[in-house]
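Here is the structure we will look at.
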Protein chains: 2
Amino acid sequence: MTDQLPRRPARISDVARLAGVSLGTVSHALNHPSRVRPATLERVNDAIRELGFVRNANASTLATGRSTNIGMVAIAFGNSMFVDIARGAQRVARNAGYNLLLAGSEDSYDTQGQFVQFFDEARVAGLLLAPMEDSSEHVDRMASHGRPVVLMNYDGPEDACRVVVDNEQVGYLAARHLIERGCRRITVFGGGDQFQPVQLRRRGIARAIEEAGGAVEVDAVTTDGLTPAAGEAAVAPIAAAAPDGRPDGLLCLTDAIAVGAIRGLQAAGVDVPGDMLVMGCDHNTQSWDGDVTLTTVAMRGLEIGETAMGLLLEELTTPASEHAHRRVVVEPRLEVRSSTTR
Amino acid sequence: MTDQLPRRPARISDVARLAGVSLGTVSHALNHPSRVRPATLERVNDAIRELGFVRNANASTLATGRSTNIGMVAIAFGNSMFVDIARGAQRVARNAGYNLLLAGSEDSYDTQGQFVQFFDEARVAGLLLAPMEDSSEHVDRMASHGRPVVLMNYDGPEDACRVVVDNEQVGYLAARHLIERGCRRITVFGGGDQFQPVQLRRRGIARAIEEAGGAVEVDAVTTDGLTPAAGEAAVAPIAAAAPDGRPDGLLCLTDAIAVGAIRGLQAAGVDVPGDMLVMGCDHNTQSWDGDVTLTTVAMRGLEIGETAMGLLLEELTTPASEHAHRRVVVEPRLEVRSSTTR
DNA sequence: TTGAAAGCGCTACCAG
DNA sequence: CTGGTAGCGCTTTCAA
């Protein structure tokens, strides 16, 4: 309410003058309060309060060469897994006295690179990176500047610690669930086989099918991407087929695809789950806007984030020569909802 | 792959030495390339590439007193509306040459304050703030340091630009929808009346009821918070009542409450939407994990974010004396799904 | 316990 | 067009 003019923020020297001490003493009061006589400390703190002094973190980082900021670049926070990861990482970071800064690359490798560059310029202490493709280039850049990187949800050749989801198991759990629910003709919807998670999920599906020992027939359809639109387009021929000419289970390699597929089926009068069971993979709440809730295989985002930040902090406090990169695997979890329940 | 030792990052002076020019020239090459002879520019760029030089943004911000970073503090990115807001804001910011840094306050006023402080220390150019309660304190602090703040989704006494959702309309649309679908006995679930959106939604509900001219009976139940657990607890007596002793429509003031309520009803054998229509407000995808999809009144997050960032940029480029704070209202949108469709 | 001063890396002004 | 140089605000020796 007070109509404060946007005056130049107070500096340490202003505080020093008001408190009647030297600039160095104020800095000491800020950073090593115990080395300052209580009475002096109090005068300094009064002056700080009176001036509304807020320390300039840029100058501070510049002078010390240290930063308590950690950056996180994720594919897209619209995918709720990354929100969970961020929450987990945030919590661990704050407990250790670090701040976590978030940036979403919105599915673009270029944007991801820009954010990595940004955090590099900001001289963050380290980086959490959830890439969509091989990002050695970005990782190396940070690493060569002494900024450790921990990869999340991606298993690449990069020389860094990483926390990965067992995506083979994701596929396995999904396929086994459909089989257990009675499906004998399963169609797999997926595209973008350049993406590692997709490949691994396919492998897990194959394992489940094999375990079923010939009882189950599988068919793979390559969708044009991993989006709802891709799912809807790919499902058209299936939706149009005669009841006995179509699969009884549809396994979509992402939730987004599944949502589109369900929409397409319903539009053609095929009931889900009545006529066909459908499930997704990855627990992406953003895609849940149809009118059937989706069975999916979820990632434990919180756990991924906590673990990744733990690894990063470990690397930050260990002499580089003693650090050995580690790889932690987090298991997925099946979440059954109405699209496979009848 | 190359085992680069984490050597001290190159500085401008290193680049200058390698390129055989002065430090000032390198700086010029970086910031005003047109003022440098092309041949020189090229030598500088070669040196930059060779050394893997990355400019220190802290030193840069310190020297110029300017920053191209903008902070955004939102209640929680688990609520997808804030993710949408961030996406919208991000896009506008990047087009204008700014970076948007995200932080989630996780429903805590203290945490929110810490992030505001953090961005203040980082000397960001401005701040986007989506608070849960009156935050004059935080807004004033930033404003008094010459950092404009734009509020989102909150209409308080703060002296700042703001983008708000017409929450009265949210309540109105919700109630009218239930009435149009035939409900004549509506129960409203909500708690936390200290929260402004909640109050406004109630007012809109009242307007819709009034319009119905006595045809509709309303009952209000105060839940213990705005969570699924609160909804589930509050619904117990209703679920236990005889069919003719219970409402035919349940209007929950948040999606989270609605999800819990549906869970409670189903557990007691009350079918949604068969026996009772249920709807939420606020389009929070995180809460959609039941097995009925939720009709809700959604906020236009992208639009909120774009508008807010637009206002901030405007304020950033207008002399303070000429700037007049503005208030923009964004209309909500009804999204009908299965919890009110039979 | 406090003060003085050097320097972190960069920008921008002013000379040449 | 290029070089020299004075800070930006803070931290951190080193002396007093």
Side-chain angles (χ1 to χ4, degrees), chain A residues 7-45 47-48 51-69 118 120-125 145-147, chain B residues 7-45 47-48 51-69 118 120-125 145-147:
Chain A
R7 56 163 188 271
R8 181 177 52 42
R11 297 154 303 175
I12 282 202
S13 59
D14 299 325
V15 175
R17 196 173 319 120
L18 182 60
V21 298
S22 87
L23 185 159
T25 301
V26 175
S27 181
H28 275 146
L30 250 26
N31 304 302
H32 313 281
S34 63
R35 289 187 207 163
V36 171
R37 189 166 8 120
T40 311
L41 189 57
E42 196 170 338
R43 290 220 316 286
V44 170
N45 284 333
I48 287 178
L51 293 172
F53 166 78
V54 175
R55 157 223 250 110
N56 185 328
N58 294 295
S60 180
T61 298
L62 180 58
T64 58
R66 280 186 300 274
S67 167
T68 58
N69 295 333
F118 169 79
D120 201 2
E121 291 187 358
R123 300 298 191 260
V124 294
H145 296 161
R147 274 178 265 295
Chain B
R7 56 163 188 269
R8 181 181 49 46
R11 297 153 303 174
I12 281 202
S13 58
D14 299 324
V15 175
R17 195 173 319 119
L18 182 59
V21 297
S22 86
L23 186 159
T25 301
V26 175
S27 181
H28 274 146
L30 249 26
N31 303 301
H32 313 280
S34 63
R35 289 187 207 162
V36 170
R37 188 167 10 119
T40 312
L41 189 57
E42 196 170 338
R43 290 222 315 285
V44 170
N45 285 333
I48 287 178
L51 293 172
F53 166 79
V54 175
R55 151 222 253 115
N56 185 328
N58 295 294
S60 179
T61 298
L62 180 58
T64 58
R66 280 187 300 274
S67 166
T68 58
N69 296 153
F118 168 79
D120 202 2
E121 291 187 357
R123 300 296 190 260
V124 293
H145 296 161
R147 273 177 266 295

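Chain identifiers are assigned alphabetically (A, B, ...) following the order of the sequence lines, protein sequences preceding nucleic acid strands; residue numbering begins at 1 within each chain. This one's a predicted model, so the numbers in the text were calculated from it and none came from an experiment.
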Are any of the side-chain heavy atoms of [X] and [Y] separated by less than 4.5 Å?
X	Y	value
B:R123	B:H145	no
B:I48	B:L30	yes
B:N58	B:L62	no
B:E121	A:T61	no
A:L18	A:F53	no

5'-most by nearest nucleotide on DNA chain D - A:L30 or B:R35
B:R35
Taking the nucleotide of DNA chain D with the closest heavy atom to each, which residue, A:S60 or B:G20, is nearer the 5' end?
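First, find each residue's nearest nucleotide; the 5'-ward one identifies B:G20.
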Calculate the interatomic distance between [X] atom [atom1] and [N] atom [atom2]; express it in whole Å.
X	N	atom1	atom2	result
B:E121	D:dC8	CD	P	20 Å
A:I12	C:dA5	CD1	C1'	15 Å
B:H32	C:dT11	NE2	C1'	8 Å
A:L23	D:dC8	CG	P	12 Å
B:R37	D:dG3	CZ	C1'	14 Å
A:I48	D:dC10	CD1	C1'	13 Å
B:D14	C:dG9	CG	C1'	10 Å

[X] side chain, from C-beta outward: closest of [options]:
X	options	result
B:H28	D:dT12, D:dT2, D:dC10	D:dT2
B:T25	C:dT11, D:dT2, D:dG9	D:dT2
B:S22	D:dG3, C:dT11, C:dA5	D:dG3
B:N56	C:dT1, D:dT2, C:dC10	C:dC10
A:V36	C:dA12, D:dT11, C:dT2	C:dT2

At under 4.0 Å between heavy atoms, what does [X] touch on the DNA or RNA strands: base, sugar-phosphate, or nothing?
X	result
B:R66	sugar-phosphate
B:N31	sugar-phosphate
A:G24	base
A:L62	base

Can you check whether [X] has a side-chain N or O nearer than 4.0 Å to OP1 or OP2 of [N]?
X	N	value
B:R55	C:dC10	no
A:T40	C:dT2	yes
B:T64	C:dA12	no

